[in-house]
Amino acid sequence: MDSSEHMQLIYIILAAAFATFLTRIGGYVMITQMKRIPPRMEAALNSVPAAVLSTLVAPAFVRGGFDVAAAMLVALAVGLRVSSLWMLAVGWLVVMAIRYLTV
């Protein structure tokens with residue numbers, strides 16, 4: 001990489017940081033100006049954590065291989081019944097067991 005490519009990369013990173021800052025501040029300002037949050041907006045805000053989680057998990061599920069997909073499915077089943085700590089432990093055990101048995 002030469003100097004111009006480094007500067008271009010720095011500008012891209014700064015622009016992305018600025019855009020992220022503006023969206024966060026804009027959302028905060030918009031919500032604080034409201035006297036009451038409309039039900040549709042509240043429903044949309046409540047769905048954000050699930051959307052973020054799925055964007056983090058989906059690529060690993062699709063591209064992670066059989067062991068990762070199986071561990072995620074088992075962890076999902078366990079997570080519906082017990083606490084998150086047990087879900088993580090069981091998912092980890094499943095992926096480690098599959099990797100140990102298939103090597």
Side-chain angles (χ1 to χ4, degrees):
M1 276 185 145
D2 63 350
S3 176
S4 65
E5 289 176 344
H6 283 288
M7 287 307 296
Q8 184 180 13
L9 185 60
I10 289 171
Y11 290 144
I12 290 171
I13 291 171
L14 289 174
F18 187 66
T20 302
F21 176 75
L22 285 180
T23 15
R24 289 175 184 250
I25 292 300
Y28 174 77
V29 168
M30 185 177 77
I31 295 241
T32 56
Q33 298 299 317
M34 295 180 173
K35 293 181 177 153
R36 180 176 140 316
I37 297 176
R40 289 180 68 136
M41 182 180 281
E42 187 173 354
L45 290 172
N46 286 336
S47 67
V48 168
V52 170
L53 183 61
S54 61
T55 60
L56 296 174
V57 171
F61 184 81
V62 172
R63 294 193 179 111
F66 171 74
D67 55 344
V68 174
M72 285 184 178
L73 290 174
V74 171
L76 173 67
V78 170
L80 294 173
R81 301 268 182 205
V82 294
S83 71
S84 297
L85 181 61
W86 284 107
M87 177 187 70
L88 292 171
V90 169
W92 179 79
L93 285 172
V94 168
V95 79
M96 289 297 115
I98 291 173
R99 288 179 181 176
Y100 177 77
L101 295 173
T102 58
V103 171

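We use all heavy atoms of the structure for the numbers below, so side chains are in, but hydrogens, waters and symmetry mates are not.
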Next on the checklist: For G91 versus A75, what's the shortest heavy-atom pair and its separation?
Outcome noted: CA-CB, 4.1 Å
Would you give me the side-chain donor-acceptor pairs under 3.5 Å for residues 56-68, sequence neighbours excluded?
from: D67; atom 1: OD2; to: R99; atom 2: NE; distance (Å): 2.5
from: D67; atom 1: OD2; to: R99; atom 2: NH2; distance (Å): 3.4

Next on the checklist: Are L73 and L53 linked, directly or through intermediate hydrophobic residues, by side-chain heavy-atom contacts shorter than 4.5 Å (ILVMFWY only)?
Outcome noted: yes
Next on the checklist: Just verifying a value: how many Å separate F21 CZ and T23 OG1, rounded to the nearest 0.5 Å?
Outcome noted: 10.0 Å
Checklist entry - Is there side-chain contact between L76 and M72, with heavy atoms separated by less than 4.5 Å? => result no
Checklist entry - Hey, does V82 have a side-chain heavy atom less than 4.5 Å from the side chain of V90? => result no
Next on the checklist: On a heavy-atom basis, which atom in I31 and which in M41 lie closest, and how many Å separate them?
Outcome noted: CD1-SD, 4.1 Å
Checklist outcome for this item: Rounding to 0.5 Å, atoms CD (E5) and CE (M7) come to a distance of 13.0 Å
Next on the checklist: The criterion is side-chain hydrogen bond (donor to acceptor under 3.5 Å, both in side chains); which residues satisfy it with S4, sequence neighbours excluded?
Outcome noted: D2
Checklist entry - Between atom CG of L88 and atom CG of L93, what is the distance when rounded to the nearest 0.5 Å? => result 11.0 Å
Checklist outcome for this item: To the nearest 0.5 Å, atom CG of L9 lies from atom CG of L14 at 9.5 Å
Next on the checklist: Can you list, by chain and residue number, the hydrophobic cluster partners of L85 when the side-chain cut-off is 4.5 Å?
Outcome noted: none
Checklist entry - Closest approach of V94 and A71, non-hydrogen atoms and distance? => result CG1-CA, 3.7 Å
Next on the checklist: Would you compute the distance between atom CD1 of I13 and atom OH of Y11 and round it to the nearest 0.5 angstrom?
Outcome noted: 12.5 Å
